[in-house]
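Inspection log for the structure reproduced underneath, given as structure tokens.
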Amino acid sequence: MPELPEVETVKNTLKNFLLGKKIKDIIINYDKIIKYDNKDFKNALIDQTFMDIDRYGKYLIFKFEKNSLVSHLRMEGKYFIRKNLADITKHDHIIFTLENDIYLTYHDVRKFGTMELTKKGEEFFLKSLSKLGPEINNPNIDINSIYQKIKTSSRPIKAVLLDQTIVAGLGNIYVDETLFLAKIHPNKQAKTISLKQLKIIINSAQEVINKAIKLGGTTIRSYQSSLGVDGRFQNELNVHTLAGKQCKRCNTLIKKIKVAGRGTYICPNCQEEE
DNA sequence: ATCTATGCCTGGTGGC
DNA sequence: TGCCACCAGGCATAGA
């Protein structure tokens with residue numbers, strides 16, 4: 001599940017390869033990935049050149065001369081560069097033919113990913129992007145305004161941190177790691193979190209996210225490595241995927257529970273429920 | 001206004 | 001071995 005650090009890594013890798021390259025053709029093998037009309041999609045992008053690639057939260061933003069393509073990888077989305085048509089596999093749903101017959105493919109086993117086209121400069125008018133909160137890795141993030149949003153919520157703190165309208169970029173892995181660092185139980189109701197505790201949570205999240213970005217993200221449950229996603233943060237995980245292993249702080253066994261409908265890993269001793 | 005439930009998908013897993 | 005029910009999960013949408 002690519003979260004902010006993984007998408008950042010993909011962005012940087014793709015940027016190195018794609019900037020200045022032109023799209024010659026587009027093959028759409030599964031069209032539900034693309035929102036709106038496929039013909040418009042092709043017309044708008046063929047003969048266009050990759051000018052820049054940005055990221056906001058977990059979204060990739062490919063910028064061309066006039067248009068931008070906003071791409072979300074959801075759970076299993078990956079980009080590959082294929083040198084030959086013969087290398088294209090069954091889960092390569094969108095194929096961008098570049099110059100010199102090199103192919104950029106969007107690969108997605110679960111077909112959950114999305115692509116939507118917009119005019120360059122109007123990306124944040126899209127429904128998806130317009131709703132996003134501040135990015136979790138923003139060093140100037142306004143913790144007070146987050147506190148105002150969550151201080152009356154009865155939802156578990158984990159659900160709130162996963163809510164991209166509150167803060168953008170965290171997913172299941174990094175929320176577990178964040179709450180472990182902050183010593184907060186994921187089931188603790190948001191309204192019982194003090195401003196001081198929220199500061200600890202946000203600082204922990206930034207520590208986790210920044211370290212993960214440095215290490216190129218986390219590669220787990222991924223039987224196939226993707227362009228740009230061969231992270232090393234999986235070696236740094238403290239709780240996520242580690243059920244039955246000893247907590248590095250107190251030696252208590254890590255437990256897997258369910259919070260807000262999601263598989264959640266905690267140290268039952270360090271993260272005491274209230 | 002808030003929150004919860006459901007649908008989207010396929011490969012892997014565990015039970016029989 | 002094969003069949004099948006079930007699970008994983010980010011986000012949009014519908015419903016409470």
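The model shown is predicted, which means the values in this text are computed figures rather than measured ones. Reminder, nothing fancy here: chain letters follow the sequence lines and each chain counts from 1.
With B/dC8, C/dG9, C/dA12 as the choices, the nucleotide that has an atom nearest any side-chain atom of A/Lys32 turns out to be B/dC8. Out of B/dT4, B/dG11, C/dG10, the shortest distance to the side chain of A/Lys90 is found at B/dG11.
Remark: C1' of B/dT4 and CG of A/Asp163 are 13 Å apart, rounded to the nearest angstrom. Here the P atom of nucleotide C/dG9 and the CG atom of A/Asp176 are 9 Å apart, to the nearest Å. Distance A/Arg110 CZ to B/dG7 P: 17 Å, rounded to the nearest Å. Between A/Asp108 atom CG and C/dC11 atom C1' there is a gap of 13 Å when expressed in whole angstrom units. The NE2 atom of A/His91 sits 7 Å away from the C1' atom of B/dT10 (whole-angstrom rounding). C/dT13 atom C1' lies 9 Å from atom NZ of A/Lys131, rounded to whole Å. Rounded to whole Å, the distance from CG on A/Asn172 to C1' on C/dC7 is 14 Å. At whole-Å resolution of the value, NE2 in A/His107 and P in B/dC9 are 16 Å apart.
Residue A/Ser128 is in sugar-phosphate contact alone, with no base atom involved, counting any heavy-atom pair closer than 4.0 Å across all strands shown. In this structure, A/Gly171 reaches neither bases nor backbone, as no heavy-atom distance under 4.0 Å exists between it and the strands shown.
Within the shown strands, C/dC6 is the pairing partner of B/dG12 under the Watson-Crick or G-U definition, both distances less than 3.5 Å.
Here A/Tyr59 does not reach the OP1 or OP2 of C/dG10: none of its side-chain N or O atoms lies under 4.0 Å away. Remark: A/Lys149 is not in phosphate contact with B/dA1, judged by side-chain N or O atoms under 4.0 Å from OP1 or OP2. Of the side-chain N and O atoms in A/Gln164, one or more sit less than 4.0 angstrom from OP1 or OP2 of C/dC11. Contact annotation: A/Arg74 does not reach the phosphate of B/dC8 (side-chain N/O to OP1 or OP2, under 4.0 Å). An OP1 or OP2 oxygen of B/dC3 is reached within less than 4.0 angstrom by a side-chain nitrogen or oxygen of A/Ser153. For the pair A/Lys58 and C/dC11, the criterion of a side-chain N or O lying under 4.0 Å from OP1 or OP2 is met. Between A/His72 and the phosphate of C/dG10, there is no side-chain N or O to OP1/OP2 separation shorter than 4.0 Å. Side-chain N/O atoms of A/Lys111 include one lying less than 4.0 angstrom from OP1 or OP2 on B/dT10. OP1 or OP2 of C/dT13 sits under 4.0 Å from a side-chain N or O of A/Lys127.
Annotation: of the two residues near DNA chain C, A/Lys258 and A/Leu162, the 5′-most nearest-nucleotide partner is A/Lys258. Take the nearest nucleotide of DNA chain C for A/Glu116 and for A/Gly261: the residue whose nucleotide is more 5' is A/Gly261.
Counting atom types as modelled, A/Arg262 pairs no side-chain N or O with a base atom of C/dA8 as donor and acceptor under 3.5 Å.
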What verdict does the side chain to side chain donor-acceptor pair (under 3.5 Å) test give for A/Glu116 and A/Tyr59, after you've listed the backbone C-alpha separation in whole Å, the side-chain angles of each residue and the deciding distance to 0.1 Å? CA-CA 11 Å; A/Glu116 51 188 329; A/Tyr59 289 84; 5.9 Å; no
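Using a 4.5 Å cut-off on side-chain heavy atoms (C-beta onward), A/His107 and A/Asp92 make contact. Here the side chains of A/Tyr103 and A/Asp87 are not in contact, with every heavy-atom distance at 4.5 Å or above.
A/Glu123 pairs in a side chain to side chain donor-acceptor pair (under 3.5 Å) with only one of the listed residues (A/Ser130, A/Ser128, A/Ser68), which is A/Ser68.
Remark: ring of A/Phe112 overlaps the six-membered base ring of B/dC8 in a stacked fashion, centroids less than 5.5 Å apart, planes less than 30° apart.
Using modelled atom types and a 3.5 Å distance limit, the side chains of A/Asp108 and A/Tyr106 yield a donor-acceptor pair.
You'll find the ring centres of A/Tyr79 and A/Phe62 inside the 6.0 Å limit.
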